[in-house]
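Pasting a structure below so you can have a look.
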Amino acid sequence: MAKNRSSSKVQALYDLCKKTFTPSGTPPPSPQAAQRLCSLLDTIGPADVGLSENVSEDDRGLGFFGLNRLDRVARWAQPITYIDIHECDSFTMCIFCFPTSAVIPLHDHPGMNVFSKVLYGSLHVKAYDWVEPPCFPNEDRSVRLAKLAADKVLTAPCGTTVLYPKTGGNLHCFTAITPCAVLDILSPPYREDAGRKCTYYHDYPYFTFSNEGEKSDNKENYAWLSEIETPEDLYMRSGKYMGPAVEV
C-alpha cells in the first residue's frame with residue numbers, strides 16, 4: 001500500500017511549488033497560480049515550519065537603535081541564520097532568521113520570482129526595479145538608474161510579498177527592526193552558470209549624478225545603483241530545519 005503523504009502546510013507548499021514552477025522559469029507563473037501560492041503562504045506561521053516566536057535578544061545584537069542610533073556599523077555583527085527546507089532545479093524553499101538590526105544588503109534576483117512571507121517580527125524592506133530602457137548618467141556605465149518600488153515595514157501577521165524579474169522590487173534590502181523570520185520561495189534558484197548570480201549594490205540619491213532631462217519630477221523615487229563586492233560584514237550561518245519533513 002502506498003504511503004500517505006504528509007498533510008502539513010509545508011508539504012502542501014512544496015506540492016504547489018512543484019506544480020507551479022519550472023527549472024527555466026518559463027513560462028512565468030500565471031496571476032492565478034501566484035495568487036494560489038500567496039494564499040497558502042498567508043496561512044503559514046512560525047510553528048508550521050518548526051520555529052518559535054519566543055526569541056531571546058540576550059545575544060542577538062545591539063537592538064534597532066544600538067548603542068548609538070547614529071552608528072549602525074555594528075548592526076551586521078550578529079549572524080543571520082539561513083535554514084534550507086528544500087532546493088531543486090525549479091525552486092528553493094528557505095527561511096532567514098534575523099537578529100534585531102541585522103541587514104541583508106541591497107541585492108538582486110536576476111530572472112527570478114520571489115515570494116516572501118514574514119513569519120514573526122518586523123522587517124524594513126527597501127526595493128527597486130531597474131528603469132527600462134537602461135539609463136546611465138552621462139554614459140557612465142558604472143551606475144544605473146532604478147526606481148523605488150517599496151520602502152516600508154512589514155510586521156507579522158501580514159500578507160505575502162511577490163517580486164518578479166522586472167517588477168515588484170527585484171533589487172531589495174532587508175533590515176530587521178525586531179527579531180524576525182522570513183520564509184522565501186525563489187524560482188528558479190540562484191545558479192551562476194545559468195546567469196542567476198546574486199549581485200550586491202550601493203544606492204545613491206538621484207541628485208548624486210547629473211543627468212539633465214531625465215526623471216526631472218519625483219526625483220526622490222529614483223536612485224543610482226552601483227555594483228559592489230559581497231559585503232564582508234554580511235555574516236550568515238546555517239541552521240537546522242526543525243519543521244515537518246517534506247516528501248519529494
- Cation-pi geometry met for R144 and W130 (6.0 Å, 45°):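 Yes, R144 and W130 form such a contact.
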- Message: So that I can tick it off, tell me whether D184 and K117 are bridged by a salt bridge, with the cut-off set at under 4.0 angstrom between side-chain N and carboxylate O.
- Response: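 Result for this pair is no, no salt bridge flagged.
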- Message: Just checking K9: does its NZ atom have more than 12 heavy atoms from other residues, nucleotides or ligands closer to it than 6.0 angstrom?
- Response: yes
- Query: Any donor-acceptor pair under 3.5 Å linking the side chain of Q11 with the backbone of E247?
  - Reply: yes
- Is a donor on one side and an acceptor on the other found under 3.5 Å between the side chain of D140 and the backbone of P137? no
- Task: Examine distances only and state if a side-chain atom of S187 and a backbone atom of S90 form a donor-acceptor pair shorter than 3.5 Å.
- Result: yes
- Message: For F98 and F174, take the angle between the two ring planes, folded into 0 to 90°, and tell me which bin it lands in: parallel under 30, tilted 30 to 60, perpendicular over 60.
- Response: perpendicular
- Message: Please tell me whether I44 and Y241 are part of a single hydrophobic cluster in this structure, the criterion being side-chain heavy atoms less than 4.5 Å apart.
- Response: yes
- Item | T26 (side chain) donor-acceptor with P28 (main chain) under 3.5 angstrom | no
- E132, CD atom: more than 12 neighbouring heavy atoms under 6.0 Å: yes
- Message: Under a 3.5 Å distance rule, please check whether D203 uses its side chain to pair with a backbone N or O of A223 as donor and acceptor.
- Response: no
- Check whether any side-chain N or O of T167 sits under 3.5 Å from a backbone N or O of Y164 as a donor-acceptor pair, and report yes or no.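 A pair under 3.5 Å: no.
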- Task: Give the ring-plane orientation class for F209 versus Y204, where under 30° counts as parallel, over 60° as perpendicular and anything between as tilted.
- Result: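 Ring orientation, 0 to 90° scale: perpendicular.
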- Item | Side-chain (N170) to main-chain (D129) donor-acceptor, under 3.5 angstrom | no
- Could you state the interatomic distance from NZ (K197) to CG (D108), rounded to the nearest 0.5 Å?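 The CG atom of D108 is 8.5 Å from NZ of K197, to the nearest 0.5 Å.
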- Item | Spacing of C94 atom SG and I185 atom CD1 [to the nearest 0.5 Å] | 7.5 Å
- Message: Has H109 got a side-chain atom pairing as donor or acceptor with L186's backbone, closer than 3.5 angstrom?
- Response: no
- Task: Can you measure from OG (S226) to OH (Y200) and round to the nearest 0.5 angstrom?
- Result: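 Interatomic distance, S226 OG to Y200 OH, rounded to 0.5 Å: 15.5 Å.
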- Counting heavy atoms not belonging to D151, are there more than 12 under 6.0 Å from its CG? yes
- Message: The criterion is side-chain hydrogen bond (donor to acceptor under 3.5 Å, both in side chains); which residues satisfy it with N221, sequence neighbours excluded?
- Response: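 Not a single residue meets the side-chain hydrogen bond (donor to acceptor under 3.5 Å, both in side chains) criterion with N221.
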- Message: Hydrogens and angles aside, do S39 and Q35 bring a side-chain donor and acceptor to less than 3.5 Å of each other?
- Response: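 There is such a pair (donor and acceptor under 3.5 Å, judged by atom type) between the side chains of S39 and Q35.
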- Query: Roughly how far apart are Y128 OH and Y222 OH, rounded to 0.5 Å?
  - Reply: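 Here the rounded value is 12.5 Å.
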